[in-house]
Amino acid sequence: MDHAGLAGARVPETGNLLLNPREMRGTPGRHPGIMSADDLVVVDPDGRKVEGANNPPSETPIFTGVFRARPDVMAVLHLHLPTATLFSVVGKPILPIGVMGAPFGEAVPVCPDGTLIQRPEQGDAVARSLGKGLAVILQGHGAVIAGANVEEAFVASVLLEDNAVRQYRAAMIGTPRAMEREELNEARRQVWNPKVVAKIWSYYLLKAQSQGILN
C-alpha cells in the first residue's frame, strides 16, 4: 500500500464495510498505510459512515460497487501496482505467463475509466469490468483486487504484480508465451487453493513481524 492505497473488508455479521480512511483526523502526519485498528472507519453498503473518528476514502464507491455485485467477495484492495498498471497505459494485456499468473485467467480485464472512482456509477462500472475474476486494472490508475477473505485479496495482489513484472522482463528479450486451455486450468488449480494462499500469506506475515512492522 503506497500513499494512496486502500483496503476494505465486509463485516459478515452486518454487511457493513470496514475501510482504511483517506484522511486521519487527530493524527497529523500519520500515513494511511501505518495505522491502528482505531483509525479504521465503518460504512454501510451504500458508503455512509456508521462508525469511526475518520472519514471514508473518496473512492469508497470502488468497495460499495464490488461488494454489491459480488456476494462471494469479502475483501477488496485498491493498489497502485507499478508494473501491472503500465500494461493498461500501453494497451497490452497482462497474460498468464507462469503458474503464478494462472489465477487471473486468460487476461486481466481493464476498466477504461482512469479517473478517481468517486461516484456510485463508477464503482458499478468497475464491478462490471471485474466480472467474476480476481482483479481488474483501472486504466493508467491502478488495480482492484478481490478475495474471499483478506488473505486471498492480499495474495492475489502479490501474484498479480509478480506476474506483470515477469511478463515485462520477458518482453524485453522476446515474445512472452501465455498459458492456455488445459494447462491454464491445471495451473490455476495448483496455485489458487487454501494451502498455497496460506503459505504466501504466512511468508509475508512472518517477514513483517521480523522487521517490526507487525507485532
Whether [X] side chain and [Y] backbone form a donor-acceptor pair below 3.5 Å:
X	Y	result
D44	N16	no
Q167	P93	yes
R10	F67	yes
N20	A7	yes
S88	G140	yes
S202	K199	no

I'd like to check [X] versus [Y] (side-chain heavy atoms, cut-off strictly below 4.5 Å). Are they in contact?
X	Y	value
V99	M179	yes
T64	P45	no
L17	V11	no
K49	P56	yes
E161	P82	yes
Q139	D113	no
T115	Q122	yes
F63	V43	no

Using every non-hydrogen atom in the two residues, find where [X] and [Y] come nearest and quote the distance to one decimal.
X	Y	result
S58	P61	O-CD, 3.6 Å
G101	N163	CA-OD1, 3.3 Å
L159	P103	CD1-CG, 4.2 Å
E59	I117	OE2-N, 2.8 Å
P21	L40	CD-CA, 4.2 Å
G65	A127	O-CB, 3.5 Å

Co-membership, hydrophobic cluster, residues [X] and [Y], 4.5 Å side-chain:
X	Y	answer
F87	V126	no
V144	L160	no
L95	V136	no
V150	V158	yes
V108	L138	no

Distance in Å, [X] [atom1] paired with [Y] [atom2], rounded so as to fall on 0.5 Å steps:
X	Y	atom1	atom2	result
I97	R169	CD1	CZ	10.5 Å
E151	L205	CD	CG	9.0 Å
I62	L130	CD1	CG	11.5 Å
D162	I200	CG	CD1	8.5 Å
I94	L81	CD1	CG	8.5 Å
K195	N193	NZ	CG	8.0 Å

Checklist entry - Step by step, would you call E152 with N149 a side chain to side chain contact (heavy atoms under 4.5 Å, CB included)? => result CA-CA 5 Å; E152 272 197 11; N149 48 51; 3.4 Å; yes
Next on the checklist: Please list all pairs meeting ring-ring contact (aromatic ring centres under 6.0 Å, His included) that have one or both residues in residues 111-161, counting only residues at least two apart or in different chains.
Outcome noted: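 Applying ring-ring contact (aromatic ring centres under 6.0 Å, His included) to every pair that reaches into residues 111-161, excluding sequence neighbours, yields H78-H141, H80-H141, F154-W201, F154-Y204.
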Around atom [atom1] of [X], are there more than 12 heavy atoms of other residues, nucleotides or ligands at under 6.0 Å?
X	atom1	answer
Q209	CD	yes
R70	CZ	yes
E106	CD	no

Checklist entry - Any Lys/Arg nitrogen of D124 or R68 sitting under 4.0 Å from an Asp/Glu carboxylate oxygen of the other? => result yes
Checklist entry - Using 4.0 Å as the upper bound for N to carboxylate O, is an ion pair formed by R177 and E183? => result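 Yes.
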